[in-house]
Colleague: 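One structure, pasted below without further comment.
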Amino acid sequence: MVKDLFARIQDNKGPLGKWASQAEGYFVFPKLEGELGPRMTFKGKKVLNWSINDYLGLANHPEVRKADADAALEYGAAYPMGARMMSGHTSVHEQLENELAAFVQKESAYLLNFGYQGIMSCIDALVTKNDIIVYDVDAHACIIDGVRLHMGKRFTYKHNDLESMEKNLQRATKMATETGGGILFITEGVFGMRGQQGKLKEIVAMKEKYNFRLLVDDAHGFGTLGKTGAGAGEEQGCQDGIDVYFSTFAKSMASIGAFLAADKDIIDYLKYNLRSQMFAKSLPMIQTVGALKRLQLLRENPGLKDKLWENVNALQSGLKEKGFNIGDTNTCITPVYLEGSIPEAMIMVNDLRENYGIFLSIVVYPVIPKGIILLRMIPTASHTLEDINETLSAFEAIREKLVNGTYKQIAAKTVENV
């Protein structure tokens, strides 16, 4: 007997979906309203927002808003129509690619209409069934989904663990010798949950011993790390050792879209083999023109990054001084680790939003281990020292309620167990 395909959905909604009736619209799929920035509106109340990736504060920069508006007026939302290969190619797209390549110190670049699909398609295009992929166990979902497309062998190494990297490179080398394939090593410039930089310098050094190519997802490093903002590779002095560099416009560039950068022959190959770009509409002109303006501001205004790091250092040092565990982050991403259950986390975040006016992202199992609550904050150049002090005071108050069992007692009465 053939089962109804949807039958399992009624019984198993997934580790997060099972909380939907209690969480949707508040803890997940919340509606933040008003201009993007540190102060927004949630459920009719003003909140101090630590939950958007507008690192450099460009989302509401007057020059950015004007460039976006002018592009919309000149081109509309549809232009250019069609995929780049067929009818969606313009000189503006080429200009942006050239400027991005120069900025991240690579020979060539290629625009992607959407980052998540783009890196999946990149992984798919770079390997055949005979090739081996080695990647970090904590890699972003877009990388994991890209690896799932691979019909050959893949190995994961322990997060940022050099010994595990080498062990898996040895396994991959042996297998690639048998299959006649190559090795693609994938890591991130910055890991988005915990905020650690990938060990790019050490990985690049391993290329002297092992024959592999390196793909780096630097979504959170681009614009925030390195002397010029060119990312984690520049920060660690090993940008030349990155074979394929990826970043998105959804973080420091405060927009949508992404790009790949590499040697010209690699980009030429990817242009003709990236299925997510070959068979999808080109990046609209509003985003393309807008990205040029954002890149210009990023290049010409180093003070934006300086202000970002002033806020990062103030927030992170303040948390550590007050005894909070922020792990070993060495980037802008600021995680705060607390012990507690999902119901306790829900009550705590409700308290933060309703009584302290603090809005931030909450991360729980299965993204992190059971019994741990991760409060993830994204400082931006737009935040102020007053914002930081207000947040530190609120954190001290909620920690006391978590430790003394207040949240546990409330959760027992109000949160339905699922």
Side-chain angles (χ1 to χ4, degrees), residues 55 100-109 115 118-119 122-123 126-127 132-140 142-144 146-147 154-170 172-173 182-248 251-252 258-263 266-267 298 305 309 312 327-333 335:
Y55 284 119
L100 285 166
F103 184 73
V104 298
Q105 304 157 35
K106 294 297 179 186
E107 190 175 18
S108 190
I119 196 166
C122 175
I123 295 168
L126 288 174
V127 293
I132 317 300
I133 295 177
V134 178
Y135 67 106
D136 195 293
V137 70
D138 276 6
H140 189 272
C142 64
I143 293 173
I144 294 171
V147 171
R154 79 287 295 264
F155 298 114
T156 58
Y157 58 85
K158 296 176 183 177
H159 174 56
N160 257 358
D161 187 302
L162 297 176
E163 182 179 348
S164 181
M165 291 178 197
E166 186 154 17
K167 179 180 178 180
N168 281 284
L169 277 170
Q170 291 169 353
T173 299
I183 301 171
L184 177 65
F185 193 107
I186 309 173
T187 189
E188 298 187 43
V190 175
F191 288 87
M193 281 296 116
R194 294 178 173 86
Q196 308 115 321
Q197 291 181 47
K199 295 189 175 179
L200 306 185
K201 187 174 183 179
E202 292 85 351
I203 293 168
V204 168
M206 289 183 184
K207 295 173 77 173
E208 296 179 6
K209 186 175 181 181
Y210 301 99
N211 186 18
F212 64 89
R213 293 292 187 171
L214 175 60
L215 167 62
V216 173
D217 176 348
D218 202 27
H220 291 274
F222 178 85
T224 69
L225 294 175
K227 182 179 180 181
T228 69
E234 183 183 48
E235 176 80 11
Q236 298 181 35
C238 61
Q239 189 79 342
D240 288 348
I242 298 172
D243 296 295
V244 182
Y245 179 93
F246 165 88
S247 189
T248 174
K251 309 295 190 281
S252 289
F259 72 99
L260 294 161
D263 289 345
I266 301 302
I267 293 299
L298 201 159
K305 184 163 70 71
W309 275 97
V312 171
D328 55 356
T329 179
N330 54 359
T331 66
C332 302
I333 295 167

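Position 1 is the first residue of the sequence; numbering continues from there.
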Colleague: Between Lys251 and Asp218, does a salt bridge (charged side-chain N to carboxylate O under 4.0 Å, His left out) hold up when you go through it step by step?
Modeller: CA-CA 10 Å; Lys251 309 295 190 281; Asp218 202 27; over 6 Å; no
Colleague: Nearest 0.5 Å please: distance from the CD atom of Glu202 over to the OG1 atom of Thr187.
Modeller: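 With rounding to 0.5 Å, CD (Glu202) is 10.5 Å from OG1 (Thr187).
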Colleague: Please round to the nearest 0.5 Å and tell me the distance separating atom OH of Tyr210 and atom OG1 of Thr173.
Modeller: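 Reported value, rounded in 0.5 Å steps: 6.5 Å.
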Colleague: Measuring from Asp136:CG to Ile143:CD1, what's the distance to the nearest 0.5 Å?
Modeller: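 Reported value, rounded in 0.5 Å steps: 8.5 Å.
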Colleague: Where is the tightest heavy-atom contact between Leu100 and Ala109, given as atom of each residue plus distance?
Modeller: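 Looking at all heavy atoms of both residues, the closest pair is CB-CB, 4.5 Å.
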Colleague: Starting from the C-alpha separation in whole Å, work towards a yes-or-no answer on side chain to side chain contact (heavy atoms under 4.5 Å, CB included) for Ile267 and Glu107.
Modeller: CA-CA 9 Å; Ile267 293 299; Glu107 190 175 18; over 6 Å; no
Colleague: Any donor-acceptor pair under 3.5 Å linking the side chain of Thr248 with the backbone of Gly115?
Modeller: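 Looks like no, no N/O pair under 3.5 Å.
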Colleague: Would you check, one step at a time, whether the test side chain to side chain contact (heavy atoms under 4.5 Å, CB included) holds for Tyr55 with His220?
Modeller: CA-CA 9 Å; Tyr55 284 119; His220 291 274; 2.7 Å; yes
Colleague: In the structure I gave you, are the side-chain heavy atoms of Asp263 and Ser108 within less than 4.5 Å of one another anywhere?
Modeller: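 Side chain of Asp263 against side chain of Ser108, heavy atoms only: no contact under 4.5 Å found.
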Colleague: Main chain of Asp161, side chain of Ser164: is a donor-acceptor contact present, judged purely on distance under 3.5 Å?
Modeller: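 No, Ser164 side chain to Asp161 backbone: no donor-acceptor pair under 3.5 Å.
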Colleague: With a 4.5 Å heavy-atom cut-off, do Phe191 and Thr331 have their side chains touching?
Modeller: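 Sidechains of Thr331 and Phe191: no contact.
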Colleague: So, taking the atom named CD1 in Ile186 and the one named SG in Cys122, what distance separates them when rounded to the nearest 0.5 Å?
Modeller: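 Answer rounded to 0.5 Å: 8.0 Å.
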Colleague: Which heavy atom in Gly195 sits nearest to a heavy atom in Ile333, and how many Å separate them?
Modeller: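 Heavy atoms only, the tightest pair is CA-CB, 3.8 Å.
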Colleague: Between Gly233 and Leu200, what is the shortest heavy-atom contact and its length?
Modeller: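 Looks like N-CD1, 3.8 Å.
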Colleague: Mind checking the NZ-CG spacing from Lys167 to Leu162? Nearest 0.5 Å is all I need.
Modeller: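 The distance works out to 15.0 Å.
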Colleague: Closer than 4.0 angstrom, basic N to acidic O: yes or no for Arg194 and Asp138?
Modeller: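 A salt bridge is present here (some side-chain N lies under 4.0 Å from a carboxylate O).
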Colleague: Look at atom CG of Asn211 and say whether more than 12 heavy atoms of other residues, nucleotides or ligands are closer to it than 6.0 Å.
Modeller: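 Open.
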Colleague: I want to check something: taking the side chain as every heavy atom from C-beta on, are Lys305 and Leu298 in contact at a cut-off of under 4.5 Å?
Modeller: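 Lys305 does not reach Leu298 side chain to side chain.
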Colleague: So among Val204, Leu169, Leu215, which one has a side chain to side chain contact (heavy atoms under 4.5 Å, CB included) with Phe185?
Modeller: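 In the set Val204, Leu169, Leu215, the residue that makes a side chain to side chain contact (heavy atoms under 4.5 Å, CB included) with Phe185 is Leu169.
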Colleague: Minimum heavy-atom separation for Ile144 to Ala139, with atom names?
Modeller: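 The pair with the smallest heavy-atom distance is CD1-O, 3.4 Å.
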Colleague: Give the C-alpha distance, both sets of side-chain angles, the deciding distance and a yes or no for side chain to side chain contact (heavy atoms under 4.5 Å, CB included) between Phe246 and Ile123.
Modeller: CA-CA 11 Å; Phe246 165 88; Ile123 295 168; over 6 Å; no
Colleague: Are Glu166 and Lys209 side-chain neighbours, meaning at least one heavy-atom pair lies under 4.5 Å?
Modeller: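 Yes, close enough: below the 4.5 Å cut-off.
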Colleague: Please check this pair: side chain of Thr156 against backbone of Val137, looking for a donor-acceptor N/O pair closer than 3.5 Å.
Modeller: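 No; judged by distance alone, with no hydrogens or angles, the pair does not exist.
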Colleague: Less than 4.5 Å apart, side chain to side chain, heavy atoms only: is that true for Phe155 and Ile133?
Modeller: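 No, side chains not in contact.
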Colleague: Okay, side chain of Lys201, backbone of Cys238: is any donor-acceptor separation there less than 3.5 Å?
Modeller: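 Not a single qualifying donor-acceptor pair exists.
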Colleague: Using the ring centroid of each side chain, check whether Tyr135 and Tyr157 are separated by less than 6.0 Å.
Modeller: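 No; Tyr157 has its ring centre 6.0 Å or more from that of Tyr135.
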Colleague: So, Lys106 and Asp243, do they make that salt bridge, N to O below 4.0 Å?
Modeller: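 The answer is no: the pair does not qualify as a salt bridge.
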Colleague: Less than 3.5 Å apart, any donor N or O on the side chain of Gln196 or His159 sitting next to an acceptor on the other?
Modeller: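 The criterion, which ignores hydrogens and geometry beyond distance, is satisfied for His159 and Gln196.
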Colleague: To the closest 0.5 Å, what do you measure between CG (Leu184) and CZ (Arg154)?
Modeller: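 Rounded to the nearest 0.5 Å, the CG-CZ separation comes to 12.0 Å.
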Colleague: Classify the side-chain pair Glu234/Gln105 by whether it contains a donor and acceptor separated by less than 3.5 Å.
Modeller: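 Note: Glu234 and Gln105 side chains meet the donor-acceptor criterion.
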Colleague: Could you check if a side-chain atom of Trp309 sits within less than 4.5 angstrom of a side-chain atom of Leu225, using non-hydrogen atoms only?
Modeller: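 In contact.
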Colleague: Is a side-chain N or O of Gln236 found less than 3.5 angstrom from the main chain of Gly198, in a donor-acceptor match?
Modeller: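 Yes.
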Colleague: For Ser247 and Phe222, work out which heavy atoms get closest and say how close.
Modeller: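 Nearest pair, atom of Ser247 first, then Phe222: OG-CB, 3.1 Å.
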Colleague: Shortest non-hydrogen contact from Gly226 to Glu235?
Modeller: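 Reported closest heavy-atom pair: N-OE1, 2.8 Å.
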